[in-house]
Amino acid sequence: MKNYKSNNEFNVETQFISIDKNGSIIKSDLKIIPAQEGTLLQDTHPFFESAISLFKSKSEHIQLDCVNMFDLVLDIEVITHADNSGVIILKD
């Protein structure tokens, strides 16, 4: 959730999830959603069942705005690498 700081700037909560080419979570900082290392990304939320196919696309950077997940509205960035691994960035 965006919170006002004392100088009226927005503080945006951000989570980074690194996954391997099989969709297994390598590392996550667990700030917004529960994404345990060693589990499949698809097991964290049904949204990722379809989103995992984005890692096989030719695009290297995809942005999805206003995704409803866990009673939150998130902006999601998907960054893919040549080996189909990548990073997912969640912004609340």
Pick one: which of Glu77, Gln63, Glu13 meets side chain to side chain donor-acceptor pair (under 3.5 Å) with Lys91?
Glu77
Close side-chain approach of Ile89 and Ile76, heavy atoms under 4.5 Å
no
Rounding to 0.5 Å, atoms CG (Leu30) and CD1 (Ile17) come to a distance of 8.0 Å
Single-linkage hydrophobic cluster, 4.5 Å side-chain cutoff, Val67 and Val73 together:
no
With a 4.5 Å cut-off on side-chain heavy-atom distances among I, L, V, M, F, W and Y, is there a chain of contacts connecting Ile19 to Met69?
yes
Point-to-point distance, once rounded to the nearest 0.5 Å, from CD1 of Ile25 to OG1 of Thr39
3.5 Å
Could you give me the CA-CA distance, side-chain angles and deciding distance for Phe47 and Asn68, then say whether side chain to side chain contact (heavy atoms under 4.5 Å, CB included) is met?
CA-CA 9 Å; Phe47 166 79; Asn68 291 299; over 6 Å; no
CZ (Phe48) and CG (Leu41) are apart, to the nearest 0.5 Å, by 5.0 Å
What distance separates Thr44 OG1 from Ile88 CD1, expressed to the nearest 0.5 Å?
7.5 Å
Which heavy atom of Ile33 sits nearest to which heavy atom of Leu74, and what is that distance?
CG2-CD1, 4.4 Å
To the nearest 0.5 angstrom, please state how far the CD1 atom of Ile62 sits from the OG1 atom of Thr80.
6.5 Å
Is there a donor-acceptor pair closer than 3.5 Å between any side-chain N or O of His81 and the backbone N or O of Asp83?
no
To check you understand the geometry: which heavy-atom pair defines the closest contact between Leu90 and Ile32, and what is its length?
O-CD1, 3.6 Å
Rounded to the nearest 0.5 Å, what's the gap from CG on Asp29 to CZ on Phe16? Could you check?
7.0 Å
Apply side-chain hydrogen bond (donor to acceptor under 3.5 Å, both in side chains) to the pair Ser28 and Gln36, showing each step before the final yes or no.
CA-CA 7 Å; Ser28 176; Gln36 297 295 329; over 6 Å; no
